[in-house]
Number of protein chains: 2
Amino acid sequence: MAVPWQHQCSQTTLLVTAEDARSAARHNLHTTSTSGLAPGHLQANLIILPSRYAADFRALCARNPVPCPLIAESVAVGRYDSVKSWIRGLRGDNILADGFDIRTDLPRYMVYKDSRLEKASCMDVTAEWTEDHVAFLIGCSYSFEAELTGAGLPPRHTVLNRNVSIYKTTIPLCPSGVFQGGTYVVSMRPYRKEDVDLVRSITRKYGNTHGEPICWGWESVESLGIRDIDDPEWGDAPLAFDGRRLGGLRSEDAEEVPVFWGCGVTPQEAVMRAGLTGTVMAHAPGHMLVLDAVDKDIVEV
Amino acid sequence: MAVPWQHQCSQTTLLVTAEDARSAARHNLHTTSTSGLAPGHLQANLIILPSRYAADFRALCARNPVPCPLIAESVAVGRYDSVKSWIRGLRGDNILADGFDIRTDLPRYMVYKDSRLEKASCMDVTAEWTEDHVAFLIGCSYSFEAELTGAGLPPRHTVLNRNVSIYKTTIPLCPSGVFQGGTYVVSMRPYRKEDVDLVRSITRKYGNTHGEPICWGWESVESLGIRDIDDPEWGDAPLAFDGRRLGGLRSEDAEEVPVFWGCGVTPQEAVMRAGLTGTVMAHAPGHMLVLDAVDKDIVEV
C-alpha cells in the first residue's frame with residue numbers, strides 16, 4: 001500500500017483539510033491527538049450507542065445543551081457514512097462531506113462492553129460496529145480557543161503546551177430516561193479578573209460548543225463542588241503565569257481567577273454512569289473527529 | 001359595546017377556543033386565572049423586555065431549556081401582533097393565529113420599572129408597550145397535567161382544587177450575559193413511588209413544556225436546597241392523600257415521594273434578579289396567554 005501520508009504525518013499541520021485529517025486517521029497514518037489539525041475546522045466528541053438508548057441520549061443532550069451540545073447524529077440506525085445535523089442552517093453534508101467512515105476516521109477509539117472498558121486506544125471500530133448502532137457527535141471547545149487566542153487571550157494550557165484542566169462537579173444534569181445521576185464536567189482556563197467580561201463575550205457566540213462560561217471566580221470552586229483545583233480529574237494541573245500551582249494564588253489578592261466552561265466529557269461520564277448493556281464506543285481522549293464544518297459555521301452573530 | 005361574553009365568562013369552560021379566551025381577556029370580560037380555559041390548548045408564560053436584553057434572554061432560554069422552554073418570540077422588535085416559533089415543525093401562526101394583541105390578550109399583567117414592581121394585576125399593557133419591546137412566550141406544565149390525569153395520575157393539587165407547590169432551589173442556571181446568579185425554580189407533585197416511572201414516561205414527551213422530572217424522592221429536597229417542603233415560595237402547601245402536610249410523611253416508610261419539575265417561574269426570577277433598567281412586563285401569576293397550538297402539537301413521539 002502506498003503511504004503518501006507518512007511524511008506529512010510527522011508534521012501534522014500539513015493535514016490542512018478535514019478530509020486530510022480523516023484520511024490520515026483512516027489509514028492509520030495519523031494515530032495521535034487531533035489537536036492543531038485542520039486549523040479552523042470543528043472537531044467533535046464521538047459517542048456510539050445501541051439504538052435502544054438513542055432517544056434517551058438525544059433528549060439528555062437537548063435538556064443539557066451547555067455541557068452536551070449535540071451537533072449531529074447518524075442519519076439512520078446502522079449508518080456510519082452519513083449524518084443529520086442538529087445545527088440550524090447546516091446540513092449533514094456540511095458537517096461531514098461524503099466519503100467518511102465514522103468507524104475508522106478517528107485516530108483512536110475506546111470500546112466498552114456492558115459498561116466495562118474492553119479496548120483502549122484501538123485504531124478503528126469496524127469489528128464492533130453493528131447494524132444496531134447510532135453515532136452522536138458532540139461539540140468541543142477547541143473552536144472558541146482559536147478566537148480567544150486571536151483576541152490576545154490565549155488559554156494558559158495552550159501557551160504552556162499542556163492539556164486543559166477538567167473537573168468533576170456536583171451540579172446535576174437534568175436526567176433523561178436511563179441517563180440518571182449525571183453531573184456537569186467542566187473545563188477551566190485561568191484569566192485575569194479584568195479580562196473575564198471579554199472572555200465571556202467571545203465564547204458566548206459559540207453556543208454550539210459550550211458557549212460562555214458557567215461560572216468564574218475563586219468562590220466557584222466550592223459552588224461547583226470541585227475537590228481540589230490543583231488536582232483535576234482529567235488533563236493537567238493548572239499553572240499560574242509564573243509556573244506556580246494555580247491554587248496557591250487563592251490566598252493572595254489574586255488577579256487571576258478560574259473560569260469554568262461546560263465540557264464535552266460530560267456526556268461520556270453520563271453514559272458511563274448509566275450502566276448500559278451492549279457495546280458502546282467513543283473517541284479516545286484528545287483523538288477527535290475532524291469535521292468539514294468550520295468554526296464560523298457555528299458562530300451566532 | 002355589546003358584551004356577548006358576559007354570560008359565558010361566568011362559566012369559563014364555555015371559552016372553548018384559544019381566540020374565545022383571548023378575546024374575553026382583551027375585552028376585560030375574563031379577568032381571572034386561565035386555568036381550565038380552552039382545554040387542550042397550550043398556555044404560555046409571558047415576558048416582555050427592552051430589546052437590548054433580548055439576545056441575552058434568548059440565550060438564557062437556549063442554555064436552560066428545561067426550566068426556560070422558549071416557545072416563541074415577537075417576530076420583530078416592537079411587534080405585538082405576530083410571533084416567530086422556536087418549536088420545530090410549528091410556524092408562528094400555528095402558535096398564535098392572526099388577530100391577537102399581546103398587550104391586551106392576557107387577563108392580568110405585571111409591570112416592573114427599573115426592576116421594581118410598578119403595577120400588579122393590570123388588565124393590559126398598551127400604555128407601557130413601546131416600539132423597543134420584545135415579547136417572549138415560555139412553555140407551561142398545564143399540558144402534561146392533562147395527560148397525567150387521563151392516565152389515572154391526576155396531580156394532587158388539581159384533585160384538591162389547590163395551586164401547585166413551587167420552590168426556589170440552589171441549582172444554578174447557566175448564566176447568559178446580564179442574566180447571572182439565577183437558580184432553578186421547581187414545581188412539585190407528589191406521587192407513589194411505584195408510579196414515578198410512568199409519570200416520567202408521560203411527561204418526558206413534553207420536552208417543550210419542562211419534560212420529565214429533574215429529580216424525585218425525599219433526598220431530592222436536600223439536593224435541591226429546598227428550605228421547607230411544607231412552605232413553598234409560590235402556590236399552596238402540598239398535602240398528602242389524607243390531608244396531612246406532605247412533609248409529615250417523610251419520617252415514615254413513605255409510599256409517596258415528591259417529584260420535581262423545572263418551572264416557568266424560573267425565567268421570571270432570573271429577569272427579576274438581573275437588575276434590568278427600563279420597563280419589563282409579564283403575565284400575572286396564573287393569568288397566562290392561551291395559544292392556538294394544542295398539546296399534541298408539542299408532544300414528541
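In what follows, every chain begins at residue 1, and chains take the letters A, B, ... in the order their sequences are listed. Reckoned from all heavy atoms, side chains included, excluding hydrogens, waters and symmetry mates.
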* **Spatial distance of atom CD1 (B/Ile214) from atom OG (A/Ser176) [nearest 0.5 Å]** => 13.5 Å
* For B/Arg88 and A/Arg88, what are the C-alpha separation, side-chain angles and deciding distance, and is it a side-chain contact (heavy atoms from CB on, under 4.5 Å)? -> CA-CA 11 Å; B/Arg88 264 175 197 251; A/Arg88 265 176 198 251; over 6 Å; no
Atom group of [X] that falls short of 4.5 Å from chain B, counting heavy atoms:
{"X": "A/Asp197", "answer": "neither"}
{"X": "A/Ser201", "answer": "neither"}
{"X": "A/Ala62", "answer": "backbone"}

* To do: Could you tell me which of A/Gly177, A/Pro65, A/Gly207, A/Gly262 has the largest number of non-hydrogen atom pairs under 4.5 Å with chain B?
  => A/Gly177
Contacting region of [X] [heavy-atom separation from chain A under 4.5 Å]:
{"X": "B/Arg63", "answer": "both"}
{"X": "B/Ala59", "answer": "neither"}
{"X": "B/Pro213", "answer": "backbone"}

* Greatest number of heavy atom pairs closer than 4.5 Å to chain A - which of B/Cys174, B/Pro175, B/Gly211 ->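 Answer, by heavy-atom pair count under 4.5 Å with chain A: B/Pro175.
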* Counting heavy atoms not belonging to A/Lys296, are there more than 12 under 6.0 Å from its NZ? -> no
* **Flag if over 12 foreign heavy atoms under 6.0 Å of CD, B/Glu131** => no
* A/Phe144: partners by ring-ring contact (aromatic ring centres under 6.0 Å, His included), with sequence neighbours left out -> A/Trp261
